[in-house]
Structures are given as structure tokens and as C-alpha cells.
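Just below is one structure, and these are the notes that go with it.
Values below: every heavy atom of this structure, side chains too, minus hydrogens, waters and symmetry copies.
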Amino acid sequence: MRRAQAGDRAALAQMVTAWQDRVYNTMRKMAADEHEAMDLAQEAFGRAIERLESFRGESAPFSWMYRIAMNVALGRLRQKKRRRTITASGGDGDGRSDGVLERSPDTSAGPSEQVETRERGELVREAMQRLDEQQRALLVMRDVDGMDYQQIAELLEAPLGTIKSRIFRARLALRDELKDYMSQT
């Protein structure tokens, strides 16, 4: 990181190469599709490069990058939410929903189990899309990316107790979104 800050392009390229898959995978969980995820990842890296001098070493370099990436994703989700609101009231907007959580089917399962797994995954994705962007981001960080509560608290610069309660409420909101499906199983 220090070499990249000093203008070493090889060091910068090394960082991008080391982080690109993790950043893209996180953006894929927050975005509606692969193309949007790629755009978000590119935008996140662009912002990180612009702000290299702002890295002070108070956190791990990837934590700093992850924060930038999540801020980019949350900003985009807010923009899309505003556009959908404008569209609903008669203005312009793309009307697309925000997608989350993509898993590949279990190839060891039989065809009917694969279909059921895919359908269940789609229901969860749709339910996640109905959550607000902050709840979605918290669930992605904790339950998909496997970050611990302390990492999330540091990343979002919020007290640990606040993060725990927000994640708890996000899980309740997701459960409420899935209650009809859960009552059928």
C-alpha cells in the first residue's frame, strides 16, 4: 500500500489483482446483475485509486478497500431507490430491482433438488431486494461475506452493540419477507 501511495504502478496493479475477485463477489451480492457488479467494482477501484493518499494505516488495506466498495454499492442502491420512487410517481427510472446472493446449484443433488435449491435461492434474493439497502449490506457483510461483528463495526464506524442490533433487525426483516414461503414448507 505504501508503495502504491508513492506512485508505484506495479504495487497498485498487485493490489488490484489481489482484491479484484473479493470486491467483485461482494458487489455481485449487492447488484442486480453481473454487469452492474462489474461497474460497481470498477467504480470502487477507481475511487480507491483516487483516494490512495487518504489511507492512513488505521485499518488493514483490504478493510479500507471494502469500505470504499460498500459505500459505492450503497450509493448506487440509494440512487436506484430514488429513481424507482420518481418512476412510481411518473418520472424516469430504470425500474430494475437490486439483486443479491447468487449461489451455484449443488451439482451433487438430483435434478429436483437442484430446481428446489434454485427456487429457494431466488426467493431469498427477491426477499433481500425488498430490504432497505442498509439491512441488505449488513446481511451481506455478516452472513454472506462472513465478517465478524467487530469488523463490521469498525468498517461502518458504529458501536458494536448498534451493529449487533441492526443485524438482528435485518434478519427479522428478512424472516418477515420470507414468512409466506416458510409457512408452506
Side-chain angles (χ1 to χ4, degrees), residues 1-85 93-94 96-104 124-125 128-129 131-167 170-171 174:
M1 178 60 94
R2 296 292 175 217
R3 288 185 7 240
Q5 285 179 313
D8 183 341
R9 290 190 177 275
L12 181 60
Q14 184 180 12
M15 287 175 17
V16 170
T17 300
W19 298 340
Q20 66 187 359
D21 289 343
R22 289 174 67 189
V23 170
Y24 171 77
N25 288 333
T26 298
M27 296 299 94
R28 184 64 190 105
K29 294 164 192 153
M30 296 294 293
D33 58 44
E34 293 176 21
H35 299 293
E36 183 177 17
M38 186 63 72
D39 288 347
L40 288 170
Q42 288 176 351
E43 184 177 340
F45 278 112
R47 286 196 190 168
I49 290 167
E50 290 172 359
R51 297 177 181 157
L52 271 175
E53 72 281 348
S54 73
F55 179 74
R56 295 183 304 267
E58 295 170 356
S59 63
F62 184 75
S63 295
W64 173 81
M65 180 68 222
Y66 190 92
R67 169 183 272 151
I68 290 171
M70 287 305 288
N71 285 338
V72 166
L74 290 171
R76 179 80 56 93
L77 291 173
R78 284 186 205 107
Q79 285 177 340
K80 290 176 80 171
K81 185 177 181 180
R82 281 193 295 270
R83 275 190 243 136
R84 279 195 303 269
T85 302
D94 63 9
R96 291 182 354 188
S97 60
D98 304 315
V100 186
L101 299 175
E102 185 160 301
R103 299 190 189 256
S104 35
V124 171
R125 267 191 296 282
M128 289 284 287
Q129 292 171 12
L131 299 178
D132 72 43
E133 64 268 0
Q134 190 67 261
Q135 289 175 327
R136 184 181 322 161
L138 287 166
L139 291 177
V140 166
M141 285 186 270
R142 176 70 183 139
D143 296 330
V144 178
D145 287 345
M147 296 176 72
D148 65 39
Y149 292 107
Q150 187 63 44
Q151 288 174 308
I152 297 169
E154 289 170 8
L155 186 71
L156 298 179
E157 297 177 341
L160 183 61
T162 301
I163 294 302
K164 287 181 177 181
S165 67
R166 286 179 183 170
I167 290 172
R171 287 177 177 156
L174 181 60

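- In this structure, L156 and I163 approach most closely via the heavy-atom pair CD1-CD1, 3.9 Å.
- For the atom pair CG of L138 and CZ of R171, the computed distance is 10.0 Å after rounding to the nearest 0.5 Å.
- Side-chain contact between V144 and N25 is absent, with no heavy atoms from C-beta onward closer than 4.5 Å.
- In this structure, E50 and I68 have side chains that are not in contact, with every pair of non-hydrogen atoms separated by 4.5 Å or more.
- The minimum heavy-atom distance linking A4 with M15 is given by the pair CB-SD, 3.9 Å.
- Atom CD of Q14 sits about 8.0 Å away from atom OG1 of T17, to the nearest 0.5 Å.
- Between V140 and D145, some side-chain heavy-atom pair lies under the 4.5 Å cut-off.
- One distance of note links NZ of K29 with OH of Y24; it measures 11.0 Å at 0.5 Å rounding.
- Taking all atoms of both residues into account, the shortest heavy-atom contact from A69 to M27 is O-CE, 3.5 Å.
- Proximity of a side-chain donor or acceptor of Q5 to a complementary backbone N or O of F55 within less than 3.5 Å is detected.
- Here N71 contributes atom CG and L155 contributes atom CG; the two are 7.5 Å apart, rounded to the nearest 0.5 Å.
- Surrounding CZ of R22 are at most 12 heavy atoms belonging to other residues, nucleotides or ligands under 6.0 Å away.
- The shortest side-chain heavy-atom distance between M30 and L74 falls under the 4.5 Å cut-off.
- Closest approach of M65 and A48 over heavy atoms only: SD-CB, 3.5 Å.
- To the nearest 0.5 Å, atom CD1 of residue I49 and atom CG of residue L12 are 4.5 Å apart.
- A73 approaches L40 most closely through the heavy-atom pair CA-CD2, 4.1 Å.
- Taking each heavy atom of E36 and D33 in turn, the nearest pair found is N-OD1, 2.7 Å.
- Contact check for D39 versus R76: side-chain heavy atoms found under the 4.5 Å cut-off.
- Contact check for L52 versus W64: side-chain heavy atoms found under the 4.5 Å cut-off.
- Not one N or O on the side chain of E154 forms a donor-acceptor pair closer than 3.5 Å with the backbone of Q151.
- Under the 3.5 Å distance criterion, the side-chain polar atoms of D148 are matched with a main-chain donor or acceptor of Q150.
- Between atom CE of residue M147 and atom OG of residue S63 there is a gap of 6.0 Å, rounded to the nearest 0.5 Å.
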